[in-house]
Amino acid sequence: MPSSIIAFFGSSKRILNMVEEIAAETGRKILLYRYGLDAAIQPAIRAVEEDCVEAIVAYRGTADLIRKNVNVPVLSIQNSENIRVDAICRLAGHAKKLLIPLTRYEHLDVECLAGLIKNLEIRTARYSTAEELEDIIVRARDEGCDTVLSGGLACQISRKYKLRHYLTVPYKAHVRALIDDAASIARANRENELWVRRSEAIMNSVSDGILSVDNDGFITMCNKQAYNLLGLSQPITGKNIAHAIPELAFTKDKPGKLNYFVRQIGNAKLVFNRAPIELRRGISGWLYTFNSARKIITGGKIVSRALHQANKAKYTIRDYVHKSELVDGMLRKLCLYAASNSTVLITGESGTGKEILASALHNKSPRRHKPFVSINCAAIPEQLIESELFGYEGGSFTGSLREGKAGIFEIADEGTIFIDEVNSLPLNVQLLLLRTLQEKEIRRIGSDTVIPLNIRVIAATNKPLIEEVRKGRLREDLFFRLSVLILEVPPLRRHSEDIPELVRHFVRKFTMNGKYQYQAIDIPDDCLDRLATLAWPGNVRELEHFVERLVLLCNGVFDRNVFNSLFASASQSQASLCGTSLPLPREDGDYPAPQNGKSSKSGKGGRHLTRENILAALALFSGKKSEAAKYLGISRVTLWRLMQKHNIA
């Protein structure tokens, strides 16, 4: 901790030189000011405000005036009677009538001194300001005084009126001890102020209101949250709690460890706890902690503020890489949905980026600064899904936490909850979710208390919910409650023109400054075009994994053989997923010759192809007949005829 800055005020050069010597000997930082009495007030104020002075030392009269105008310790130098007696003895025989000016609080036994020293008349007069000091010196001169015994300012005035003067200077040891005391007090004040600031920062950082009173009921401290919860705009520190907050009945009865009670204060219902502040001599005051009843009851909401950063939406619309008009239209619809508070149902195949869209929708909404909490229903055991969603009270079931647990609905209060694979919810939990969506409230497991919520729900599914309703796996009323606003995410095969852009994005992600420390590879356009001919049943996620494998195996330099091998493997796996064995492109990227050995243009090939073969090929190429025909080794006309034969639209 740096040393304290001290200011010294004195009117004589002799005393200032003495203090300068003390500063050199002790290494203390002492600012010297040659001002006295009321002339020292403004320099003292500037010293505190501008020079960060932490303590001031001055003569008694000057110190009394400065002390009324600054908020730092001010210590007084006082000439002892020994110094004055010594000075009077020196003046004996040289002076006949002596004036000794005194401040309001100084004392001198003049009668005793007059009895000791003969032939010297001693008189005193009291003053507070420089003007009063000058008046008494002028009056003394007019009444025949020939000598003035005092400090530096009185000597300056005496010199002005041609009066003999004698300067009294305190002992150096006394001044040094006073400066040491000033430094110690300043250091203690600084440490105390630091402790107070830390305490205030701690109290203002908590979400509870904190208020303390002394034994007589006068408020000694109140944090910012207490003012907010109590609806107060004027300071109440120093007021009696019975007048400032009449709803709080103050008693001195010592409560137990927990002493909760509820009070309606204005429009707020608050839950209070009152505890004694105990010292060795007994109780010195009382501490009230309180919060809104809603936050106390839910419990998890206080935690949710702390978890806000952990439950933050990571993605925005810019993270959904695309350039197709189809995706543009979907994102425009998302922006319109974001302004609403209604439930949104996102439908789409696995791997299409439904969670990214849910996160982007939240970040586009007015709730963007509130929590965003997501849960995948298929990833949580059926026995635990209810407690994860709605929370539980302590001791509700075997293995539960003693203090209970807030569910994700409570944690997401005032924000957004994203329920992925909502179709995987058990039927009994579906009923609870339906009630939550209708009533905007939940009830923890094992609790009788209803917790109101302000929340937006985004649900997602990779299966047609109507089919789930028909099969009895989804409640019909929940289906209609979820499908208020529907956002359909197209599969990658329907916007294959986005594949080159996505591939370049994933290359950047997995190369330099990304996941792997490789140089970015440059994939030729013909290879990107070939990737766009695949169906990608795993959608963007499957494409991302393909690019990751390619980046790793190429090791910083694009290798066409590696690409062809991975492309063939992807084609084979996709054909297998379609439930048929289709002819695959060769490693050079060309398609195989027709399997009947005749030209594809003859129109007589393709008799070996079944309806399933044709459907799978069309699915692989997003319904593009020319590409499907080339892939099957037949002409486009032959494909058209086979589609007519097998009643394929």
Side-chain angles (χ1 to χ4, degrees), residues 322 324-330 347-352 462-471 486 488-500 526-540 542-543 546 564 567-649:
H322 73 286
S324 64
E325 187 61 35
L326 179 64
V327 175
D328 261 343
M330 178 197 66
T347 64
E349 297 178 4
S350 294
T352 51
N462 59 2
K463 294 183 179 180
L465 289 190
I466 293 179
E467 288 298 319
E468 295 295 295
V469 172
R470 287 174 182 168
K471 294 176 182 177
I486 301 176
E488 297 176 353
V489 187
L492 184 57
R493 59 182 173 274
R494 287 183 54 198
H495 56 104
S496 56
E497 61 267 40
D498 287 335
I499 288 178
D526 66 303
C527 293
L528 294 175
D529 292 339
R530 287 171 62 194
L531 290 176
T533 63
L534 296 182
W536 302 106
N539 294 293
V540 179
E542 183 186 359
L543 178 64
F546 177 91
N564 288 337
F567 183 80
S569 176
S571 302
Q572 181 64 60
S573 63
Q574 291 181 17
S576 299
L577 286 173
C578 293
T580 183
S581 178
L582 292 174
L584 299 174
R586 296 192 301 269
E587 289 192 0
D588 60 2
D590 291 333
Y591 291 97
Q595 293 189 16
N596 62 0
K598 297 182 180 181
S599 170
S600 63
K601 296 180 181 180
S602 66
K604 298 179 182 179
R607 293 175 183 173
H608 64 288
L609 296 173
T610 64
R611 187 175 190 276
E612 288 73 21
N613 294 149
I614 297 169
L615 286 172
L618 288 169
L620 282 174
F621 296 102
S622 305
K624 296 177 181 177
K625 298 181 182 64
S626 298
E627 297 292 338
K630 186 177 180 182
Y631 192 66
L632 293 170
I634 59 177
S635 69
R636 194 177 188 281
V637 174
T638 301
L639 175 62
W640 179 81
R641 288 173 178 168
L642 289 172
M643 290 174 65
Q644 293 291 321
K645 175 183 175 181
H646 295 297
N647 293 321
I648 300 173

Worked verdict on M330 versus H322 for side chain to side chain contact (heavy atoms under 4.5 Å, CB included): CA-CA 11 Å; M330 178 197 66; H322 73 286; over 6 Å; no
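- Nearest heavy atom pair, residue L543 against residue W536, reads CD1-CZ2, 3.6 Å.
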I'd like to know whether K630 forms a salt bridge (Lys or Arg N to Asp or Glu O under 4.0 Å) with E627, so could you lay out the CA-CA distance, the side-chain angles of the two residues, the decisive distance to 0.1 Å, and finally the verdict. CA-CA 5 Å; K630 186 177 180 182; E627 297 292 338; 5.7 Å; no
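- Taking CD from E497 and CG from L492, the interatomic distance works out to 9.5 Å, rounded to the nearest 0.5 Å.
- Looking at every heavy atom in both residues, A532 comes nearest to S496 through O-CB, 3.7 Å.
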Run the side chain to side chain contact (heavy atoms under 4.5 Å, CB included) test on I634 and L642 for me, step by step, so that the C-alpha distance in whole Å, both residues' side-chain angles and the decisive distance to 0.1 Å come before the verdict. CA-CA 10 Å; I634 59 177; L642 289 172; 3.9 Å; yes
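- In this structure, the separation between CZ on F546 and CG on L534 is 7.5 Å, given to the nearest 0.5 Å.
- Considering every non-hydrogen atom in both A535 and R493, the closest pair reads O-CB, 3.5 Å.
- Taking all atoms of both residues into account, the shortest heavy-atom contact from S350 to N462 is OG-ND2, 2.9 Å.
- T352 approaches G348 most closely through the heavy-atom pair OG1-C, 4.0 Å.
- Taken to the nearest 0.5 Å, the CD atom of E542 stands 11.0 Å off from the CD atom of E349.
- Atom CD1 of I466 is surrounded by 12 or fewer heavy atoms from other residues, nucleotides or ligands within 6.0 Å.
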I'd like to know whether N564 forms a side chain to side chain contact (heavy atoms under 4.5 Å, CB included) with R530, so could you lay out the CA-CA distance, the side-chain angles of the two residues, the decisive distance to 0.1 Å, and finally the verdict. CA-CA 10 Å; N564 288 337; R530 287 171 62 194; 2.8 Å; yes
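- The distance from atom CG of L528 to atom OG1 of T533, rounded to the nearest 0.5 Å, is 11.5 Å.
- The minimum heavy-atom distance linking P490 with L326 is given by the pair CB-CD2, 3.6 Å.
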